[in-house]
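Just so you know, these numbers come straight off a predicted model, no measurement behind them.
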Amino acid sequence: MNAQPVQLAEISADDRYLTLPQVKERVPKGTTTIYRWIREGRFPRPYAIGPGSVAWLEREVIAWMASHHQAAATNH
């Protein structure tokens, strides 16, 4: 999987990176499921932060959680 490069204009002083274990604490799914969702366009893509290292922007994960929660609430 190719991570997207980080663009400086996209980052604010309040942004925080999350590692995969931190993402999995917030989204209680396994690694395989998270990466499948990414391939399917259903979850935010990680950013390359170094050689062999990726991370997610916390605000993007929180936004996904909010939209996922909203969608689940309207389907019940």
Side-chain angles (χ1 to χ4, degrees):
M1 146 136 0
N2 293 334
Q4 43 189 325
V6 177
Q7 300 296 320
L8 292 178
E10 297 174 3
I11 304 297
S12 76
D14 295 328
D15 280 330
R16 179 174 172 233
Y17 282 123
L18 299 176
T19 63
L20 180 58
Q22 292 170 316
V23 169
K24 289 167 57 176
E25 285 176 8
R26 289 165 174 78
V27 179
K29 295 293 182 182
T31 301
T32 302
T33 298
I34 290 172
Y35 276 98
R36 185 182 71 234
W37 287 352
I38 293 166
R39 280 192 312 276
E40 294 170 352
R42 297 172 51 198
F43 195 77
R45 294 180 65 83
Y47 291 89
I49 60 170
S53 297
V54 298
W56 286 258
L57 283 175
E58 182 178 44
R59 66 178 153 88
E60 292 180 356
V61 173
I62 290 170
W64 177 88
M65 291 169 59
S67 68
H68 185 72
H69 179 74
Q70 182 75 20
T74 58
N75 289 332
H76 289 297

Between the side chains of Tyr47 and Glu60, does any donor sit under 3.5 Å from an acceptor? yes
What class does the angle between the rings of Trp64 and Phe43 fall in, given that below 30° is parallel, 30 to 60° is tilted and above 60° is perpendicular? perpendicular
In one Ile/Leu/Val/Met/Phe/Trp/Tyr side-chain cluster, 4.5 Å: Ile62, Trp56: no
Taken in chain and number order and not counting sequence neighbours, the residues that satisfy side chain to side chain donor-acceptor pair (under 3.5 Å) with Arg36 are none
What's the separation between atom OG1 in Thr33 and atom CZ in Arg42, rounded to the nearest 0.5 Å? 9.0 Å
With side chains defined as the heavy atoms from C-beta onward, is the minimum distance between Ile38 and Pro44 less than 4.5 Å? no
Which donor-acceptor pairs under 3.5 Å do side chains of residues 20-29 form with protein atoms, sequence neighbours excluded?
unit_1, atom_1, unit_2, atom_2, d
Gln22, OE1, Thr19, N, 2.8
Gln22, OE1, Thr19, OG1, 3.3
Lys24, NZ, Thr31, OG1, 3.0
Arg26, NH1, Gln22, O, 3.2
Arg26, NH2, Glu58, OE2, 3.2

